[in-house]
Amino acid sequence: MLTATNVTKRFGGLTAVDEVDLEIADGEIVGLIGPNGAGKTTLFNTLTGVNPPTEGSITFNGTDITGRKPHEIARLGITRTFQTPRTFNEDTVIENTVVGALFGNTDNLNRAKARERAREYLDFVGIGHDEDTEMGELNLMDRKLVELARSLAAEPDLVLVDEIGSGLTPSELDNLTATLVRVRDELDISVFWIEHIMDAIMGATERVIVLNQGEKIADGTPEEVQNDPHVAEAYLGEREQEVAE
């Protein structure tokens, strides 16, 4: 489904993503982990057109999307969420979700049909009862659910999820993890998921990719990644630096 070849992103003299190759297949839930500053979100930004790659190529469902604009990539079938939800806080839950249905694809829905679709995905993530609530009144968990519903309302083939567990309680994270599995199993949407909370990502993904200092250092099953000495070294190095500071 998604193939990135030799993807590199530089900001001046800083190489944030360094010659990364990866593939995401139809029907996969793939995790992306790495120490702080490893380049994970930058890679997501590169794949979704926010920061086009300096070098390399990206193909999605057979189409070269290298250098395309974010809205073009969304309409081809890749949507995303953000670590800090980017919502319109003075608008209601359903108005936020309608944005994905109206502008995230090429279906050309009218506003009534878009509201029907938005309501469907709000119900799917479990927050349909709050559709008329202003976003600014919601807690962090519910804002993340709305952002996920908005990305799903575009009916993509692949959704990129950036640290959706950040700031949540263990029970909230369990609920969100279960929802992401349902996204793949019930909606047939593949998931590429950045997460710092290892228990969540290791329990829900079939494959995990590891970045360190912009380079891909591992790609395998959760068990293979957990037993990889290069991964252990990368995380131990981060912890030693935190202790020193």
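Keep in mind it's a predicted model, so treat the numbers as computed, not measured.
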A side-chain contact here means heavy atoms from C-beta on lying under 4.5 Å apart; do [X] and [Y] qualify?
{"X": "Q226", "Y": "V208", "value": "no"}
{"X": "P53", "Y": "T46", "value": "yes"}
{"X": "E195", "Y": "T205", "value": "no"}
{"X": "K40", "Y": "H196", "value": "yes"}
{"X": "K144", "Y": "T81", "value": "no"}
{"X": "V225", "Y": "I33", "value": "yes"}

Scan residues 6-29 for pairs that pass salt bridge (charged side-chain N to carboxylate O under 4.0 Å, His left out), counting only residues two or more places apart or in two chains.
R10-E55, E28-R207

Locate the shortest heavy-atom distance separating [X] from [Y]; write the atom from each residue and the value.
{"X": "A114", "Y": "A101", "result": "O-CB, 3.8 Å"}
{"X": "G77", "Y": "P156", "result": "O-CB, 3.3 Å"}
{"X": "A16", "Y": "T42", "result": "CB-CG2, 3.8 Å"}
{"X": "L173", "Y": "G165", "result": "CD1-CA, 3.5 Å"}
{"X": "A154", "Y": "T79", "result": "CB-CG2, 3.8 Å"}
{"X": "P35", "Y": "A234", "result": "CG-O, 3.7 Å"}

Honestly curious: do [X] and [Y] fall in one hydrophobic cluster under the side-chain, below-4.5 Å linking rule?
{"X": "I197", "Y": "L148", "value": "no"}
{"X": "L176", "Y": "L138", "value": "yes"}
{"X": "V99", "Y": "L122", "value": "yes"}
{"X": "I189", "Y": "F82", "value": "no"}
{"X": "I201", "Y": "I217", "value": "yes"}

Candidate pair V93 and M135, rule side chain to side chain contact (heavy atoms under 4.5 Å, CB included), full reasoning
CA-CA 6 Å; V93 164; M135 289 297 304; 3.9 Å; yes

Please, which pairs that meet side-chain hydrogen bond (donor to acceptor under 3.5 Å, both in side chains) have at least one residue in residues 92-112, sequence neighbours excluded?
T92-E95, D107-R117

If you count every heavy atom of other residues, nucleotides or ligands that lies below 6.0 Å from [X] atom [atom1], does the total exceed 12?
{"X": "R182", "atom1": "CZ", "answer": "yes"}
{"X": "Q213", "atom1": "CD", "answer": "no"}
{"X": "H71", "atom1": "NE2", "answer": "yes"}
{"X": "E90", "atom1": "CD", "answer": "no"}

Look up atom [atom1] in [X] and atom [atom2] in [Y], then write down how far apart they are to the nearest 0.5 Å.
{"X": "R119", "Y": "E116", "atom1": "CZ", "atom2": "CD", "answer": "7.5 Å"}
{"X": "W193", "Y": "I164", "atom1": "CH2", "atom2": "CD1", "answer": "8.0 Å"}
{"X": "I127", "Y": "T133", "atom1": "CD1", "atom2": "OG1", "answer": "7.5 Å"}
{"X": "E186", "Y": "T179", "atom1": "CD", "atom2": "OG1", "answer": "9.5 Å"}
{"X": "H230", "Y": "E215", "atom1": "NE2", "atom2": "CD", "answer": "11.0 Å"}

Please lay out, stage by stage, how V161 and L180 fare under the test side chain to side chain contact (heavy atoms under 4.5 Å, CB included).
CA-CA 9 Å; V161 180; L180 291 177; 4.0 Å; yes

Members other than L160 in its cluster, when Ile, Leu, Val, Met, Phe, Trp, Tyr link by side-chain heavy atoms under 4.5 Å?
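Result for L160 is M1, L2, V7, V17, V20, L22, I24, V30, L32, L43, F44, L47, I58, F60, I65, I73, L76, I78, L158, F192, I194, I209, L211.
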
Salt bridge between E147 and R150, side-chain N to carboxylate O under 4.0 Å?
yes

For T63 and N61, does a side-chain donor sit closer than 3.5 Å to a side-chain acceptor?
no

